[in-house]
Amino acid sequence: MDQTPAIMTRQQVLDLYFMDARFKLIELAAFLDRVDRAEGQADFRLDGLRKALRQLDAARPDRAKQVLLALSDPTTDPIERAPGKGAVGAWPGAAG
Amino acid sequence: MRYIEPHGHMVSRVTDDYVDIVTAGCQAVCEPAFWAGYDRSSVNGFYDYFCQLTEYEPKRAAKFGLPHFCWLCINPKESEDVTLAEEVVALIPKFLDRPNVLGIGEIGLNKNSKNELKVLESQVDLAARANQMILVHTPHLEDKLKGTRLIVDVLKSDTRIRPERVIIDHVEEHTIKLVLDAGFWAGMTLYPESKCSPARAIDMLEIYGNARLWLNSACDWGVSIPLNVPYTALEMKRRGWSAEDIDKVVYQNPLKFLSQSKKFKLSKA
């Protein structure tokens, strides 16, 4: 496999991406505050997001993969019939 | 800079997009057949669409000096109706000899249903019988992991399928290794709200290497950015990539995969 090694130093990564990551982190925090301020029941997507959020604190090199896995359907058998066409971003079966 | 857009649904785009991508260095665009945003009411709708992909759209692209190629199939979003799908699969061979047709795609799964799987197997069989390359769509969001596993199983279980002639598109961090380890090519789709950002795509190239990967915008009628491949090349440059390494990913890799079809010929860029 032709390798393309990471070129940037840690300092360069921070210089290039820190402000973007900071912006997205605050957006996420504000979203959670907005959900909390709202009335009514939440659905499985919020549970899925909270479960995925726990991956951010893990000291491992594949947090993006782990977040995606936390939001994925882990089953292996095809379903009987497609319920529609769309996807919502979290797996209902993960609730609870 | 030169690049190839290996996955763009140009029938959904305006002529300004052709101007922009050609100005940015695009040397060719490849258009997989896909869902129109609504279900077609009969096989005749697919006949008309295949004519559009093989007759009208290449002429529209040529007005901007851009070679246009395509892939034909019934997409997984319309595969729940197996009777219609069988009619469409029977129609496809009539178009395979047309000069801009590269193979069967984008086939795959959407919600991972039994009928979708049946139609996927039928189209893999068609590709094998007709000696066609395959371009695969993997499901969205929560369905991607399961769908990618099912798709890889279908392809690996058919011994007529050569993995080096198959690209599995829309991979992300949780599916890329599965695809590459099975010997297939993998596509990373650069979307503003889902799939993959330029930064994450470059991360994956730095982690998994650049041997069997390509980048595409998959621009269509939804929220998408036709210039996302050259935007990602710019991001590579900001990260210190050499011009040669950028060229390999955005031009040479798609050229290598697509040139397995004798129809894919480009004038020297």
Side-chain angles (χ1 to χ4, degrees), chain A residues 1-21 23-24 27 43-45 47-49 51-52 55-56 60-95, chain B residues 35 37-39 75-80 109-118 120 139-150 153 172-177 180 194 196-197 199-200 202-213 235-236 238-242 245-246 248-249 253:
Chain A
M1 180 165 63
D2 298 354
Q3 283 299 135
T4 307
I7 297 162
M8 291 189 293
T9 65
R10 199 159 282 150
Q11 188 64 55
Q12 288 170 324
V13 173
L14 286 168
D15 290 345
L16 190 57
Y17 289 114
F18 176 80
M19 287 303 290
D20 181 58
F23 172 80
K24 288 170 179 165
E27 286 291 315
D43 63 30
F44 63 92
R45 291 174 294 177
D47 290 335
L49 194 71
K51 182 181 163 196
Q55 304 301 323
L56 299 187
R60 51 188 304 164
D62 60 349
R63 296 179 190 88
K65 176 182 176 181
Q66 296 304 322
V67 165
L68 286 161
L69 290 175
L71 294 167
S72 294
D73 176 356
T75 64
T76 54
D77 292 331
I79 61 174
E80 202 58 41
R81 190 170 181 80
K85 298 188 195 298
V88 296
W91 182 55
Chain B
W35 189 50
Y38 58 91
D39 289 351
N75 67 89
K77 281 195 173 76
E78 286 172 291
S79 294
E80 201 57 43
L109 298 172
N110 183 50
K111 297 303 292 181
N112 304 322
S113 74
K114 289 182 177 177
N115 282 350
E116 289 174 12
L117 203 57
K118 186 175 179 181
L120 169 64
H140 303 273
L141 305 174
E142 72 272 18
D143 300 314
K144 184 180 296 293
L145 175 68
K146 176 177 178 175
T148 304
R149 286 172 171 162
L150 289 167
D153 286 347
E172 294 181 61
E173 288 87 343
H174 59 326
T175 56
I176 184 171
K177 190 169 188 302
L180 292 176
S194 65
C196 200
S197 66
R200 285 171 53 208
I202 301 169
D203 291 340
M204 283 187 268
L205 285 160
E206 291 178 348
I207 293 168
Y208 296 100
N210 61 10
R212 280 180 283 118
L213 282 160
E235 182 106 358
M236 290 171 175
R238 294 174 76 201
R239 286 168 67 147
W241 282 44
S242 70
D245 283 340
I246 296 170
K248 172 159 175 54
V249 172
N253 276 6

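These numbers come from the heavy atoms of this one structure, side chains and all, not from hydrogens, waters or symmetry mates. Just so it is clear: chains get the letters A, B, ... in the order the sequence lines come, proteins before strands, and each one is counted from 1.
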Answer with side chain, backbone, both or neither: which region of [X] has an atom nearer than 4.5 Å to a non-hydrogen atom of chain A?
X	value
B/Asp39	side chain
B/Arg149	side chain
B/Lys144	neither
B/Arg200	side chain

So does [X] pair up with [Y], basic N to acidic O under 4.0 Å?
X	Y	value
A/Asp47	A/Lys51	no
B/Lys111	B/Glu80	no
B/Arg238	A/Asp15	no

- Task: Would you mind telling me which of A/Asp73, A/Asp77, A/Leu68 has the largest number of heavy-atom pairs within less than 4.5 Å of chain B?
- Result: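 Winner by heavy-atom pair count: A/Leu68.
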[X] side-chain N/O to [Y] backbone N/O, donor-acceptor pair under 3.5 Å:
X	Y	result
B/Asn110	B/Glu116	no
B/Asn253	B/Asn210	yes
A/Arg45	A/Gly89	no

- For the residue pair B/Glu78 and B/Asn75, confirm or rule out a side-chain donor-acceptor distance under 3.5 Å.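 There is such a pair between these side chains.
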- Query: Where on A/Pro61 is there a heavy atom nearer than 4.5 Å to chain B: the side chain, the backbone, both, or neither?
  - Reply: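 Looking at A/Pro61, nothing touches chain B.
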- Query: Does the pair B/Leu213 and B/Ile176 meet the rule for a side chain to side chain contact (heavy atoms under 4.5 Å, CB included), with working shown?
  - Reply: CA-CA 10 Å; B/Leu213 282 160; B/Ile176 184 171; 3.8 Å; yes
- Item | Test log, rule side chain to side chain contact (heavy atoms under 4.5 Å, CB included), inputs B/Ser194 and B/His140 | CA-CA 8 Å; B/Ser194 65; B/His140 303 273; 5.6 Å; no
- Task: Determine which residues belonging to residues 78-88 of chain A lie within contact range of chain B, meaning some heavy atom pair is under 4.5 Å apart, and list them by number or answer 'none'.
- Result: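 Expected list: A/Pro78, A/Ile79, A/Glu80, A/Arg81, A/Ala82, A/Pro83, A/Gly84, A/Lys85, A/Gly86, A/Ala87, A/Val88.
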